[in-house]
Amino acid sequence: MRFLKFSIKMAIFGFISFIVIITALYTYAYLSPKLDLKKSGSMYIFDNQDNLIYQGSSSNEWANIEDISEHLKNAVIAVEDKNFYQHNGFDYLRIAKAMMLNIKKGGIVQGASTISQQYVKNLYLDFDQNWSRKIEEAFLTLELEVHYDKDEILEGYLLIMGRET
């Protein structure tokens, strides 16, 4: 009986702590400056001694979401993040499934990045697979989701992905 009471108290404490932490993170993201997405096409090229040798910006026009084919939008969402319009930047069920599969296989065989996370990574981060980059990606994803609606995020993601092809 004592163990049950202790377990219930710990579960309540954990749940309240989770809510407080999530609230604090969203408050931080909301109060942080809005990310400037339309100036994200800047390019910097450095030599092997980290000297800047070229600075330029993309000459691509920014496409409005209304000008992008519904078929393309639906295809990208179906392949990359089927719950894009239902989550807040993180698909927790998908993350849990990927973790279970990775543990089962004994290595990283599946990821669970959402469109928002991929967009932030392509704009601001390198592609190293380490915890500090994933934490920074999570904070930037929160900021993105707080300051922009889903259509604006999808619009920018499709533009960035169009540049890479």
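Because the structure is predicted, anything quoted here is derived from the model rather than measured.
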- Side-chain contact, heavy-atom cut-off 4.5 Å: Ile115 with Val76? yes
- Check: His147 side chain, Leu142 main-chain N or O, donor-acceptor pair, under 3.5 Å: no
- Message: If you define the side chain from C-beta out and look only at heavy atoms, does anything of Glu136 sit under 4.5 Å from Tyr124?
- Response: no
- Item | All pairs passing salt bridge (Lys or Arg N to Asp or Glu O under 4.0 Å) where residues 84-97 contributes a residue, at least two apart | Asp81-Arg94
- Is any side-chain heavy atom of Leu140 closer than 4.5 Å to a side-chain heavy atom of Glu137? no
- Item | Sequence neighbours excluded, every pair satisfying ring pair (Phe, Tyr, Trp, His ring centres under 6.0 Å) that has a member inside residues 64-106 | none
- Of all heavy-atom pairs between Val146 and Ala29, which one has the smallest distance, and what is that distance? CG2-CB, 3.9 Å
- Measure the CG-CD distance between Leu125 and Gln117 for me, rounded to the nearest 0.5 Å. 11.0 Å
- Message: If you define the side chain from C-beta out and look only at heavy atoms, does anything of Arg133 sit under 4.5 Å from Lys121?
- Response: yes
- Query: Do Ile19 and Ile22 sit in the same hydrophobic cluster, where Ile, Leu, Val, Met, Phe, Trp and Tyr count as joined when their side-chain heavy atoms come under 4.5 Å apart?
  - Reply: yes
- Task: Could you list the residues that satisfy side chain to side chain contact (heavy atoms under 4.5 Å, CB included) with Asp149, not counting sequence neighbours?
- Result: Asp151, Glu152
- Task: Any chance you could measure Ile153, atom CD1, to Ser116, atom OG, to the nearest 0.5 Å?
- Result: 4.0 Å
- Can you list the other members of the hydrophobic cluster that holds Phe6, where links are side-chain heavy atoms under 4.5 angstrom apart? Met10
- Task: Mind checking salt bridge (Lys or Arg N to Asp or Glu O under 4.0 Å) for Glu145 and listing every partner two or more places apart, or none if nothing turns up?
- Result: Lys150
- Connected via hydrophobic side-chain network under 4.5 Å: Leu159 and Val79: no
- Same cluster for Ile95 and Ile135 if Ile/Leu/Val/Met/Phe/Trp/Tyr side chains link at under 4.5 Å? yes
- Query: Is any side-chain heavy atom of Leu154 less than 4.5 Å from a side-chain heavy atom of Tyr119?
  - Reply: no
- Item | Contact list for residues 14-27, test salt bridge (Lys or Arg N to Asp or Glu O under 4.0 Å), sequence neighbours left out | none
- Who pairs with Lys73 by salt bridge (Lys or Arg N to Asp or Glu O under 4.0 Å), at least two apart in sequence or on another chain? Glu70
- CZ on Phe139 to OG on Ser32, rounded to 0.5 Å: 10.5 Å
- Message: Working to the nearest 0.5 angstrom, can you tell me the gap between Leu158 CG and Asp67 CG?
- Response: 12.0 Å
- Task: Apply side chain to side chain donor-acceptor pair (under 3.5 Å) to Glu80 and list each qualifying residue two or more places apart in sequence or on a separate chain.
- Result: Gln118
- Would you mind listing every side-chain hydrogen bond (donor to acceptor under 3.5 Å, both in side chains) that reaches into residues 3-29, with sequence neighbours excluded? Tyr26-Asn88
- Query: Considering residues at least two apart in sequence or located in another chain, which fulfil the side chain to side chain contact (heavy atoms under 4.5 Å, CB included) criterion with Ile8?
  - Reply: Leu4, Ile12
- Who pairs with Thr141 by side chain to side chain donor-acceptor pair (under 3.5 Å), at least two apart in sequence or on another chain? none
- Message: Would a single hydrophobic cluster contain both Leu72 and Ile65, if residues Ile, Leu, Val, Met, Phe, Trp and Tyr are joined by side-chain heavy-atom contacts under 4.5 Å?
- Response: yes
- Calculate, to the nearest 0.5 Å, the distance between atoms CD1 and CG belonging to Ile77 and Asn83 respectively. 10.5 Å
- Item | Cluster check Leu101, Ile103: I/L/V/M/F/W/Y, side chain < 4.5 angstrom | no
